[in-house]
2 protein chains.
Amino acid sequence: MAPSTSAAPIAETLGRRGLRLTGARQRVADMLEKRRGTFTAADLLEDASRSDAAVGRATVFRSLDLFTELGLLERIDLPTGDHAYVVCEPVHHHHVVCSVCGRQTEVEDAGVQAIVAEMERQTGYRIDRHRLELYGTCAACRSAEQPS
Amino acid sequence: MAPSTSAAPIAETLGRRGLRLTGARQRVADMLEKRRGTFTAADLLEDASRSDAAVGRATVFRSLDLFTELGLLERIDLPTGDHAYVVCEPVHHHHVVCSVCGRQTEVEDAGVQAIVAEMERQTGYRIDRHRLELYGTCAACRSAEQPS
DNA sequence: GTTTTTGCAAACCATTTGCAGGGTC
DNA sequence: GACCCTGCAAATGGTTTGCAAAAAC
């Protein structure tokens, strides 16, 4: 039950907006698919230079922005203040990030909506977006780092 | 029942850690007290230069870090990706930020803990910190911007 | 053929750091 | 008097921009 592969939609998503499917964008998309968990622009920049089919610095940043706008990527903020990205589904959800290995898992909105509604009532604000990011240690890293 | 004023505690908090209460830190603290809602380092830098009793760029950044570490400030990330700060109580809570005027309100953990626990169960992660930031429009801005 | 996109290099901006002088305990 | 802190200016690191050449439609 794979909800959607990020491979095909790219061309389509670009086309739908009259944007061009260029080699560079394709190469960035490929780099994204190989990524697991969170990564920074610097990570991708490294991929871009390492790779035989290189992509310029500026283009990497431009693609990152573009893909984020298109909803293929999401930008999150690590506790350190660094900006990171994750490939994700364009539906509302939250990220649980492993501080050890960077792996991330998406979880659905298990009751957050209700809390948001409650907070609207408490504060008098109309809340139109929220961000919940969770940081911890994933199961794998937990067993690995088992203290003596 | 005001839990704590941010005025007096500064000297005390510094002293408790063997840090010095210097003129510069005092001036930064004063600038913080005059702030409402969120502000960026740049905002403070501007205050620092405008003010008759100026504080150097580096010192502003150093104080911001220090005060954040001491729990007098919290650093949050705006949807734009910019880093911002808010003066706040050193207890766990969340921020509701007005996208129009930058004002912010703190709300307590109305059930978030339960959700976090649920997400731990769902993902297998041990979650040790989380961040919930909410963005919207405050009551005042809502009535002000009333569309025709 | 027209328009978008790329890549480079230079420009920018926010933040950090080294260091000598000054302030605080 | 010893040590911490400040301020300056220079260094840094990440990200953006101008522009001419190249690619996509």
Side-chain angles (χ1 to χ4, degrees), chain A residues 10-32 38-70 72-85, chain B residues 10-32 38-70 72-85:
Chain A
I10 293 170
E12 191 189 326
T13 309
L14 289 173
R16 208 180 307 139
R17 301 226 193 172
L19 298 168
R20 294 180 180 174
L21 175 56
T22 65
R25 282 174 185 165
Q26 204 134 235
R27 270 170 268 145
V28 173
D30 288 346
M31 301 193 294
L32 293 180
T38 60
F39 55 89
T40 62
D43 291 335
L44 228 52
L45 248 20
E46 207 178 342
D47 280 10
S49 60
R50 214 198 291 289
S51 157
D52 41 313
V55 181
R57 226 186 326 286
T59 303
V60 170
F61 280 106
R62 286 189 279 232
S63 303
L64 242 23
D65 276 1
L66 179 62
F67 289 170
T68 300
E69 219 168 297
L70 295 177
L72 304 172
L73 283 181
E74 189 167 327
R75 183 164 156 177
I76 66 179
D77 298 284
L78 301 180
T80 61
D82 291 333
H83 294 144
Y85 294 84
Chain B
I10 292 171
E12 190 188 327
T13 309
L14 289 173
R16 208 181 306 139
R17 302 227 192 174
L19 299 169
R20 296 183 177 170
L21 175 57
T22 65
R25 283 175 184 165
Q26 203 133 235
R27 271 170 267 144
V28 173
D30 287 346
M31 300 192 294
L32 293 181
T38 60
F39 56 88
T40 62
D43 290 334
L44 227 54
L45 248 20
E46 208 179 340
D47 279 10
S49 62
R50 214 199 291 289
S51 158
D52 43 314
V55 181
R57 228 184 324 287
T59 303
V60 170
F61 281 105
R62 286 188 278 232
S63 304
L64 242 22
D65 277 1
L66 178 63
F67 289 170
T68 301
E69 218 168 297
L70 296 178
L72 302 173
L73 284 182
E74 188 166 327
R75 182 165 156 176
I76 68 179
D77 298 285
L78 301 181
T80 61
D82 291 334
H83 295 308
Y85 294 84

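Small disclaimer: the values here were computed from a predicted structure and weren't measured. To find a chain, count down the sequence lines: A is the first, B the second, and so on, and within it residues start at 1.
- Inter-residue side-chain proximity for A/L19 and A/L66 is flagged as met; some heavy-atom pair is nearer than 4.5 Å.
- In this structure a side-chain-to-backbone donor-acceptor pair under 3.5 Å is missing from B/R75 to B/H83.
- Interatomic distance, A/F67 CZ to A/L32 CG, rounded to the nearest 0.5 Å: 6.5 Å.
- Here the side chains of B/V55 and B/D47 are not in contact, with every heavy-atom distance at 4.5 Å or above.
- At distances below 3.5 Å, at least one donor-acceptor pair connects side-chain atoms of B/D43 with backbone N or O atoms of B/T40.
- Across all strands, B/A41 comes closer than 4.0 Å only to sugar-phosphate atoms, never to a base (heavy-atom distances).
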How would you summarise protein contacts on nucleotides 18-25 of chain C per nucleotide, using B for base, S for sugar-phosphate only and - for none, with heavy-atom distances below 4.0 Å? B----BBS
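- As a whole-Å value, the separation of B/E46 CD from C/dT15 C1' is 17 Å.
- Rounded to an integer number of Å, the gap from CG of A/D43 to P of D/dG14 is 11 Å.
- The main-chain N or O of B/A54 is found under 3.5 Å from a side-chain atom of B/R27 such that the two form a donor-acceptor pair.
- Note: CG (A/D82) to P (C/dA14) measures 17 Å, nearest angstrom.
- In this structure, the separation between CE on B/M31 and CD on B/E46 is 11.5 Å, given to the nearest 0.5 Å.
- In the helix from C/dG1-D/dC25 to C/dC25-D/dG1, the end axes, each obtained as the rotation axis mapping the C1' atoms of four pairs onto the next four within a five-pair block, lie 40° apart to the nearest 10 degrees.
- Between A/R17 atom CZ and C/dT5 atom P the separation is 13 Å, expressed in whole Å.
- Using a 4.0 Å heavy-atom distance criterion, B/A48 is classed as making no nucleic acid contact.
- When side chains are defined from C-beta on, B/D77 does not count as touching A/I76, because their heavy atoms never get closer than 4.5 Å.
- Rounded to whole angstrom, the span from the CZ atom of A/F61 across to the P atom of D/dT17 amounts to 12 Å.
- Toward the 5' end of DNA chain D, the nearer of the two residues A/R57 and B/V55, judged by each one's closest nucleotide, is B/V55.
- Between B/G18 and B/G56, it is B/G18 whose nearest contact on DNA chain D lies nearer the 5' terminus.
- Taking atom CG of residue B/D77 and atom P of nucleotide C/dA14, one finds them 16 Å apart after rounding to whole Å.
- In this structure, A/R25 places its CZ atom 6 Å from C1' of C/dT5, rounding to the nearest Å.
- No donor-acceptor pair closer than 3.5 Å links the side chain of A/R57 to the backbone N or O of A/L45.
- The CG-P distance, from A/L66 to C/dT5, rounds to 8 Å in whole Å.
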